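Input: a single structure, listed below in C-alpha cells.
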Protein chains: 4
Amino acid sequence: MKKIYHKETFDNIPEEKRLRLLQASIKVMGQKGFSNAKIEDIAREMGVSYGSIYTYFATKEDLVHTIITMGIEIQRKAFEPLAEYVDTFSHIQSILERSLKIGREQPELICLWHESSLPYNAQFSDHTSELYRQGVLEWKSVLKKGVSRGDIREDIDIDTIAFIMNAIASQLLRYNMSDFQKSKRAVHFSRNLDDPIPDIMENLKKMLA
Amino acid sequence: MKKIYHKETFDNIPEEKRLRLLQASIKVMGQKGFSNAKIEDIAREMGVSYGSIYTYFATKEDLVHTIITMGIEIQRKAFEPLAEYVDTFSHIQSILERSLKIGREQPELICLWHESSLPYNAQFSDHTSELYRQGVLEWKSVLKKGVSRGDIREDIDIDTIAFIMNAIASQLLRYNMSDFQKSKRAVHFSRNLDDPIPDIMENLKKMLA
Amino acid sequence: MKKIYHKETFDNIPEEKRLRLLQASIKVMGQKGFSNAKIEDIAREMGVSYGSIYTYFATKEDLVHTIITMGIEIQRKAFEPLAEYVDTFSHIQSILERSLKIGREQPELICLWHESSLPYNAQFSDHTSELYRQGVLEWKSVLKKGVSRGDIREDIDIDTIAFIMNAIASQLLRYNMSDFQKSKRAVHFSRNLDDPIPDIMENLKKMLA
Amino acid sequence: MKKIYHKETFDNIPEEKRLRLLQASIKVMGQKGFSNAKIEDIAREMGVSYGSIYTYFATKEDLVHTIITMGIEIQRKAFEPLAEYVDTFSHIQSILERSLKIGREQPELICLWHESSLPYNAQFSDHTSELYRQGVLEWKSVLKKGVSRGDIREDIDIDTIAFIMNAIASQLLRYNMSDFQKSKRAVHFSRNLDDPIPDIMENLKKMLA
DNA sequence: AATGAATGAGATTTCATTCAT
DNA sequence: AATGAATGAAATCTCATTCAT
C-alpha cells in the first residue's frame, strides 16, 4: 500500500548501517535544507561514496521521501501515546515535555518537518499527516478522559482546547530548532528560558481545572 | 543603522513599481522557496528582464534580504498594535482575527517567514525578530491591561499566557499556508473549519475571565 | 506542423552564425556518433561555451533532432531533382555523381544518416523519410521518362530498377564515409578506385538501353 | 595471428552457454548500440551477474570485439559460398535470398555490422573486412562462371556488376533492420513489399542474360 | 538603465570497473 | 568463478551572474 522510495539494495544492507545512513541524511538535510544539501555532503556524512547513494535511491528526491517516511517510522515511537497516567495534568505535562525533548534531541528532524510543511514541499508533507493526526487524537483523548475524571472542567470544548494544546506543543517542538527560535525565548520569558513547562503547567491547571 | 541590501537604482524607480516588484518577488519566493525560485521566474512575474534584477540587487541573496526587510516594512502596519478596545476580549479576538486574515490574504508572506525561521536561513530571520518582539509585547500589554481592568483573572502569569496566545496566533497565521495545513483542520474540528476563532474565544473567555 | 526542437534564441542569432553552429555540430556528431560526441566537444568545435548550447537547445537530444532536421533542410537543395537532361543516361550519371560528391564533401552528414537509420535512433530517422522518398521518386521519374523517350528498354519494371538504382546510389553515398568503406573499394575494383561511375554507367547502358 | 579479446575463463565455459552469452550480447548491443547498451542490460539478457562479464572480458570494448569476431565466426557459415548451382540465375537468387533471410532472422547482427561500419567504430569494423571480401569474391566468381557458361552476356564488366549486385544484397540485408527501413519499402514498391526478390530476379535476367 | 544572450562553476546522475565476500 | 554492492571519473544539465549592445 505504502509507496516505496528506495531500491532493493537499501533493504539488503544491515539494519544498523541503514539506520546510520538515514540519521546522517536527516542530519545534513535538516541542517541545510532539501535544496541546499548536496548529495556529496550527505555521502560524506554517511561515510560512503556518493555513487553508493545512487545504488540505494534512484534520485535525490527519493532520498528525501525515504528519510521522511522512514524517519517518521523510526521516530513514531517517540510520539506513541504515553502510558496511562493517574493524574490528567501529569499526562499533559508528559506530552509537553516529550515535545520539548524531541525538539532538543533531534532538532534536524524538526527542521525537516518544518520545511516539509511548506506548500512547495507538499509531496513530502503527505507522509507526516498520519503522525500529526495521531498527536491531535491523543490530545482529544487525554482531555476527554480528564473531563470524565473530573480533573478538567466540564464547560470547555475539547476540540478547541486540543487545538490550543497542539499549538503549544508545536511551539515547544520548535523551541530548540534554531538560534532564531532560541532568541525568541528572551522576548517571552525573563526567567526559566530553558524550560517553560513548569510555568505553562501551573497556568494551565488554573485555567482548565 | 539598518543595512541596505539593494542598489541605489532601486530607490530611483517609482514607488508604485517598486512595491509591485517586491510583491512579485514575495509571491514567487513564497510559492517556490528561496532556493527553488529562479531569478528568471521572479523576473517574469515582475514583468522585467532578468538582467534588470541585477541593476537593482547585487545578488539573489540581497534580493531575499530586501523582500524580507522591505516586505516586513510593508506589512508592519498590518501588525501594528490595534487601536484601543474597551473590551479586552474584543481586543484579543481582533488580534487573532488579524493573524487569520494576514495568513489568508498573504500566504506567500507566511511561507517566507516560515522558511526564514529555519536555522540555515538565520541570516534572513534576523529581520523578523523585531516584528516578532512587537507581537509578543502587544500580547503582554493587552493581557496586563485586561488584568488591571478586571477583565482577566489575576492569578495567571502574563508572560506564560502571552506565550500561549502567541502559539495560537502562530497556528492561525499558518492556517491557510498550504494544502497540508488546510487538511489538518479536519483532524481538529468537525465544524467551523474555516473560522475557528469564535470557538477559541468562547473557551478563552471561560479560562481567562 | 513540423515540430521545432530548438529554443527561440536559436532563431535570433544571425543566419551566418547559426549555419556555422549547425555545421560544427554535424561535424562532431558525424565523426564521433550521437552518444560519443560530448556537449563540450561540440561547444569547442562551435567556438562557444557549452552553456550556450543550452540556451539554444533544451537537451542534447533536441540538438540531434535539430541538426538532422535543419541539416536536411540545408542539404535538401543538393538532392533537388536535377534540371532536365536531354539524354536519360546523362541524367542518371548526374544523379550518381551527385551522390558520390555529397558523400565526398560531407562525409559527416552521411555518417549522421547512417547512424540515424539504426533502429534505436528511430526518433531521428523520421526526419529523413521525406528526403528518401524524394530520391526514390526522382529515380522513378527519370526511368519512366527514359522509357517513354525510347532511351530505356520497355520490358523492365520501373519500380524494381529504381530500387536497384537507389541501392547503387546509397553505396556511392557511403563510398567515402569511412576508411573501412574506402578499403572495401580495392576488393571491388582493381582500377578506377576513386571514381567507379564511368564503369557503372557503361554497364548500365548495356543493360538498360 | 588473430587477436583474442576474451579471458581464458570464457573458453572454459561450456560451448552451449558460451554461444548463448554471445547471442545475448549481440541482441542487446544490436538493439541499443555499442554506447547505449549497458553492461547491466547485457548481463540481464545473458542471465548472469554483471560481475561475471568482467571474469570473461577485461573491458566492455573487448566484449564488443568478441561479439563481432566470434559473431562473425558463428555466422560465417551463413555466408559460405553456396553449393554449386547448375543455373547461374538460381545461384544469384539464392545469394539474394540468403541476404534477405539473414537480415530477417538476425536483425541485431545487421545492426552491429551497420554500426561498426561507422568511422568512429573503425577498430571493430576491421573484423568484418574478411567477410565482406568473401562476399564480393563470391559474386565475382558466380558472375564469371555465368559468363563462361553462357548464362550471362559477355559484354559486361564483372567487377562492376559485382559491385551492383553487392549493393543490392546490402539493401536486402538491411531490408528488415528497422521500422524505418520497413517504412521505406512502400516508397519503392506498391506490391510484394515483403519479398522483392522475384521482381528483382526477373529484371536482372532481362538485363544480364 | 534595460535587455537577454553568454558564461562556467557546480549540481545531479550515469555507468564502466573494482573489490570484498 | 560468481556475485552484486561500492566507487568515482565523467557526462548532462542548471542557473546565478556577467557583459555586450
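Treat the numbers as computed from the prediction; the structure is a model and nothing was measured. So that the names make sense, note that chain A is the first sequence line, chain B the second, and so on, each numbered from 1.
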Contact class for Lys7(A) vs. all strands (heavy atom < 4.0 Å): base, sugar-phosphate, or nothing? nothing
Whichever of Lys60(C) and Thr59(B) has the more 5' nearest nucleotide on DNA chain F, that residue is Lys60(C)
For a quick check of understanding: with a heavy-atom distance under 4.0 Å over all strands, which category does Ala37(A) fall into, base, sugar-phosphate or nothing? sugar-phosphate
Which whole-number value in Å describes the distance from Leu21(A) CG to dA5(F) P? 14 Å
Does Ser52(C) put a side-chain nitrogen or oxygen below 4.0 Å from OP1 or OP2 of dT7(E)? yes
Once you measure the plane-to-plane angle for His114(C) and His114(D), does it fall in the parallel (<30°), tilted (30-60°) or perpendicular (>60°) bin? parallel
Toward the 5' end of DNA chain E, by each residue's nearest nucleotide, Phe34(A) or Ala58(D): Phe34(A)
Which part of the nucleic acid does Thr55(C) contact within heavy-atom distance under 4.0 Å: base, sugar-phosphate only, or nothing? base
Can you name the nearest heavy-atom pair linking Asp41(A) to Asn36(A), along with the distance? OD2-O, 4.2 Å
Look at all strands and tell whether Phe10(B) reaches a base, only sugar-phosphate, or nothing, counting heavy atoms closer than 4.0 Å. nothing
Taking the side chain as every heavy atom from C-beta outward, state whether Tyr56(C) and Leu63(C) have any atom pair closer than 4.5 Å. no
Name all pairs fulfilling the salt bridge (charged side-chain N to carboxylate O under 4.0 Å, His left out) condition that reach into residues 55-70 of chain A, sequence neighbours left out, sorted by first residue then second. none
Assigned partner base of dT13(E), Watson-Crick or wobble definition, under 3.5 Å: dA10(F)
Provide, to the nearest angstrom, the distance between the CE atom belonging to Met46(D) and the C1' atom belonging to dT3(F). 15 Å
Can you work out whether Gly47(C) or Glu61(A) has the more 5'-proximal nearest nucleotide on DNA chain E? Gly47(C)
Rounded to the nearest Å, what distance is computed from the CD1 atom of residue Ile39(C) to the P atom of nucleotide dA11(E)? 21 Å
Could you give the OH-to-C1' distance, from Tyr54(B) to dT7(E), as a whole number of Å? 13 Å
Looking at dA20(E), which nucleotide sits across from it as a Watson-Crick or G-U wobble partner, both distances under 3.5 angstrom, or is there none? dT3(F)
Provide, to the nearest angstrom, the distance between the NZ atom belonging to Lys38(C) and the P atom belonging to dA10(F). 11 Å
Would one find a side-chain N or O of Lys17(C) under 4.0 angstrom from OP1 or OP2 of dA6(E)? yes
Contact under 4.0 Å: Asn12(C) side-chain N or O vs dA5(E) OP1/OP2: yes
Residue-phosphate contact under 4.0 Å: Tyr56(A) side-chain N/O, dA6(F) OP1/OP2: yes
Return the value, rounded to whole Å, for the distance between atom CZ of Phe57(A) and atom P of dT12(E). 15 Å
Exactly one candidate in Lys27(A), Gln23(A), Gln31(A) meets side-chain hydrogen bond (donor to acceptor under 3.5 Å, both in side chains) with Glu108(A); the answer is Gln31(A)
Comparing Ser49(A) and Ser49(D) on DNA chain F - which has the more 5′ nearest nucleotide: Ser49(D)
At less than 3.5 Å, do the side-chain atoms of Tyr50(A) and the base atoms of dA9(F) form a donor-acceptor pair? yes
Nucleotide dA5(F), atom C1' - distance to CD1 of Ile53(A) in whole Å: 14 Å
Please evaluate residues Tyr5(D) and Phe57(D) with respect to the criterion ring-ring contact (aromatic ring centres under 6.0 Å, His included), reporting the C-alpha separation (whole Å), side-chain torsions for both, the decisive distance (0.1 Å), and the verdict. CA-CA 7 Å; Tyr5(D) 293 95; Phe57(D) 309 98; 10.0 Å; no
Glu40(A) CD to dA9(E) C1', straight-line distance once rounded to whole Å: 14 Å
